[in-house]
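In what follows, every heavy atom counts, from backbone to side chain, and hydrogens, waters and symmetry copies are set aside.
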Amino acid sequence: MNRKNLPLLLMLTAAAVTSIITFIQQYSLLAKLVSLFVVMLIFYALGSVLKWTLDYFDQQNEKRRLEEGEVIEKEAEGQEGEQGQTQEEESQEEQAEGE
């Protein structure tokens with residue numbers, strides 16, 4: 001999943017809500033700009049932390065999938081080896097009975 005724009009979208013959404021609220025409450029221009037700037041900084045930081053956390057979880061899940069894939073492959077190879085030995089033993093027993 002593409003999370004590159006997550007902090008920006010979160011920040012802009014919070015900025016839009018802040019702009020509407022400050023307009024309705026009739027804040028002064030300076031108060032509007034200061035509150036907008038603070039909200040944008042806070043929500044950009046929160047979005048960046050959220051993006052980093054989600055990416056970190058994806059990396060952990062990918063490592064687990066790769067490790068499980070290796071374990072499954074090793075188990076499959078081990079079972080094939082055991083089956084191969086059993087078939088060889090059976091064929092040797094059949095040859096011994098035939099003699």
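How far CG of L36 is from CD1 of I21: 11.5 Å, rounded to the nearest 0.5 Å. Expressed to the nearest 0.5 Å, how far CG of N61 lies from CG of L66 amounts to 11.0 Å. Interatomic distance, M11 CE to L46 CG, rounded to the nearest 0.5 Å: 12.5 Å.
Contact of the L6 side chain with the L50 side chain is registered, since non-hydrogen atoms from C-beta on lie closer than 4.5 Å. E62 is not listed as a side-chain neighbour of D58, based on a closest heavy-atom distance of 4.5 Å or more.
Within a 6.0 Å sphere centred on CD of Q26, other residues, nucleotides and ligands contribute 12 heavy atoms or fewer.
Residues M40 and L9 do not share a hydrophobic cluster, clusters being chains of Ile/Leu/Val/Met/Phe/Trp/Tyr side chains in contact below 4.5 Å. Residue V39 is not grouped with residue V49 when hydrophobic side chains (ILVMFWY) are merged at heavy-atom distances under 4.5 angstrom, including chains of intermediate members.
Considering all non-hydrogen atoms of both residues, K51 and R3 come closest at CD-O, 3.3 Å.
Among pairs with a residue in residues 14-47, none fulfils ring-ring contact (aromatic ring centres under 6.0 Å, His included), at least two apart in sequence or across chains.
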